[in-house]
Amino acid sequence: MKELVEVVAKALVDNPDEVVVTEKKEGRTIIVELHVAASDMGKVIGKQGRIAKAIRTVVKAASSKDNTRVEVEIV
């Protein structure tokens, strides 16, 4: 899941070198933290959070076949 979030985020931002994705595992839940430059935060979140919601939806769909729960946090 980490790679998926990283590829999507790098495609959205102006500074792809500053995209950092970390992954933590807590039981059957995987928490993916996305760090971007402050100037790119709006591009990742989008108007009314639509892009962030779309990223979470794609990750949720990809993780459904692994039978794990994935949460994406934008930091």
Side-chain angles (χ1 to χ4, degrees):
M1 294 305 127
K2 176 182 172 181
E3 296 82 16
L4 175 63
V5 173
E6 190 171 353
V7 168
V8 170
K10 284 185 177 184
L12 293 171
V13 299
D14 289 333
N15 303 316
D17 298 336
E18 295 187 36
V19 172
V20 178
V21 181
T22 57
E23 197 173 67
K24 290 189 244 177
K25 191 165 188 173
E26 295 179 5
R28 289 181 46 167
T29 303
I30 299 171
I31 299 173
V32 179
E33 292 182 349
L34 172 61
H35 301 269
V36 295
S39 60
D40 290 329
M41 191 65 74
K43 293 182 174 114
V44 174
I45 296 173
K47 287 186 179 180
Q48 297 179 351
R50 287 186 181 142
I51 294 176
K53 186 177 179 182
I55 292 171
R56 289 182 179 115
T57 302
V58 168
V59 170
K60 184 178 178 182
S63 70
S64 66
K65 72 175 175 181
D66 294 341
N67 212 12
T68 57
R69 184 169 182 237
V70 178
E71 294 180 10
V72 178
E73 295 180 358
I74 300 170
V75 183

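Computed from heavy atoms alone, side chains included, the values below leave out hydrogens, waters and symmetry copies.
- Applying the side-chain hydrogen bond (donor to acceptor under 3.5 Å, both in side chains) criterion to E71, with sequence neighbours excluded, gives R69.
- Connection of I31 to V58 is not established within any shared hydrophobic cluster, with ILVMFWY side chains joined at heavy-atom distances below 4.5 Å, either directly or through further cluster members.
- Partners of K53 according to the side-chain hydrogen bond (donor to acceptor under 3.5 Å, both in side chains) rule, which considers only residues two or more places apart in sequence or in another chain, do not exist here.
- The side-chain contact (heavy atoms from CB on, under 4.5 Å) search around V70 returns M1, I30, V32, V59, S63, T68, not counting sequence neighbours.
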Identify all side-chain donor-acceptor contacts of residues 35-45 below 3.5 Å with residues at least two apart in sequence or on another chain.
| from | atom 1 | to | atom 2 | distance (Å) |
| --- | --- | --- | --- | --- |
| D40 | OD1 | D14 | N | 3.3 |
| D40 | OD2 | N15 | N | 3.2 |
| K43 | NZ | D14 | OD2 | 2.4 |

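- By the side-chain hydrogen bond (donor to acceptor under 3.5 Å, both in side chains) test, K10 is found to be paired with E6, residues two or more places apart in sequence or in another chain being considered.
- Membership of an apolar cluster is not assigned to V7, as no side-chain contact below 4.5 Å to another ILVMFWY residue is traced.
- Residue pairs that meet the salt bridge (Lys or Arg N to Asp or Glu O under 4.0 Å) test with at least one member in residues 17-28, sequence neighbours left out, are K24-E33.
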